[in-house]
Amino acid sequence: MAFEELKESISEAEASAKSYLDSSREFYKLKAFKLLMKGITGFAQAAFLSVALILALLFLSLGAAFWLGGQFEDTALGFLIVGGFYILLGILVFVFRRTLVKPLMARFSELYFEEI
């Protein structure tokens with residue numbers, strides 16, 4: 001009699017463990033899918049915004065260069081001024097790169113460690 005009860009308890013424990021493992025596997029598959037989709041959609045949004053901003057910046061830079069060239073009656077000078085502005089901007093970003101990294105790291109840490 002005790003042997004039958006023990007056998008039944010072991011069968012129930014085995015069924016519970018199998019159910020737990022199946023549930024855990026499904027949970028982690030859903031979690032992986034969520035993280036994958038979040039990454040793909042984030043990358044797609046970033047790529048689209050980057051292309052749009054680069055095109056806008058390109059056309060604004062061309063417009064500014066031609067306008068400055070018209071003001072100084074020398075188109076090459078307009079392009080040199082706009083190019084110099086971008087070089088100055090690049091130098092400023094290089095100098096302050098460490099202060100720019102901290103907010104980015106904090107934001108990405110929030111996204112990475114976000115609860116489901």
Side-chain angles (χ1 to χ4, degrees):
M1 197 67 133
F3 182 71
E4 291 296 322
E5 288 177 12
L6 182 62
K7 187 177 174 182
E8 193 175 302
S9 294
I10 290 173
S11 294
E12 288 176 11
E14 183 182 346
S16 295
K18 186 176 184 330
S19 174
Y20 172 75
L21 289 174
D22 289 341
S23 297
S24 293
R25 187 178 330 128
E26 289 299 316
F27 171 76
Y28 285 113
K29 281 169 64 174
L30 286 172
K31 186 174 182 177
F33 177 75
K34 179 184 177 185
L35 289 173
L36 179 67
M37 292 311 298
K38 205 174 198 182
I40 289 171
T41 56
F43 177 76
Q45 287 175 349
F48 177 75
L49 284 174
S50 297
V51 168
L53 287 174
I54 287 171
L55 285 173
L57 187 62
L58 173 71
F59 286 116
L60 287 171
S61 297
L62 287 172
F66 280 118
W67 181 79
L68 285 171
Q71 295 297 314
F72 292 115
E73 296 180 1
D74 186 8
T75 307
L77 184 60
F79 279 93
L80 287 173
I81 291 171
V82 171
F85 169 76
Y86 284 121
I87 289 173
L88 180 64
L89 187 65
I91 290 170
L92 288 174
V93 167
F94 179 76
V95 169
F96 295 110
R97 70 187 179 277
R98 290 196 177 99
T99 57
L100 295 172
V101 168
K102 288 180 184 179
L104 286 174
M105 289 295 290
R107 178 67 179 138
F108 284 119
S109 295
E110 287 175 14
L111 290 174
Y112 181 76
F113 294 111
E114 179 182 278
E115 292 292 322
I116 290 182

Measuring from atom CG of Leu49 to atom CD1 of Ile54, what distance do you get when rounded to the nearest 0.5 angstrom?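 Those atoms lie 11.0 Å apart.
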Reported CG-to-CG distance for the pair Leu57 and Leu62, which is rounded to 0.5 angstrom: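 Reported to 0.5 Å precision, the distance equals 9.5 Å.
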Hydrophobic clustering (ILVMFWY, side-chain heavy atoms < 4.5 Å, transitive) - are [Y] and [X] grouped together?
{"X": "Leu36", "Y": "Tyr28", "value": "no"}
{"X": "Ile87", "Y": "Val95", "value": "yes"}
{"X": "Leu88", "Y": "Val93", "value": "no"}
{"X": "Phe85", "Y": "Phe72", "value": "yes"}
{"X": "Leu80", "Y": "Tyr86", "value": "no"}

Where Arg25 and Asp22 come nearest, the two heavy atoms and their spacing: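 Closest pair (atom of Arg25, atom of Asp22, distance): NH2-OD1, 3.2 Å.
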So, do [X] and [Y] sit near enough that their side-chain heavy atoms are less than 4.5 Å apart?
{"X": "Gln45", "Y": "Phe48", "answer": "no"}
{"X": "Met105", "Y": "Lys102", "answer": "no"}
{"X": "Gln71", "Y": "Trp67", "answer": "yes"}

Report the residue from Asp74, Thr75, Ile81 that forms a side-chain contact (heavy atoms from CB on, under 4.5 Å) with Leu68.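 Running side-chain contact (heavy atoms from CB on, under 4.5 Å) over Asp74, Thr75, Ile81 with Leu68 returns exactly one hit, Ile81.
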Neighbour count >12 (heavy atoms, 6.0 Å) for atom CZ, Arg98: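 No, not enclosed.
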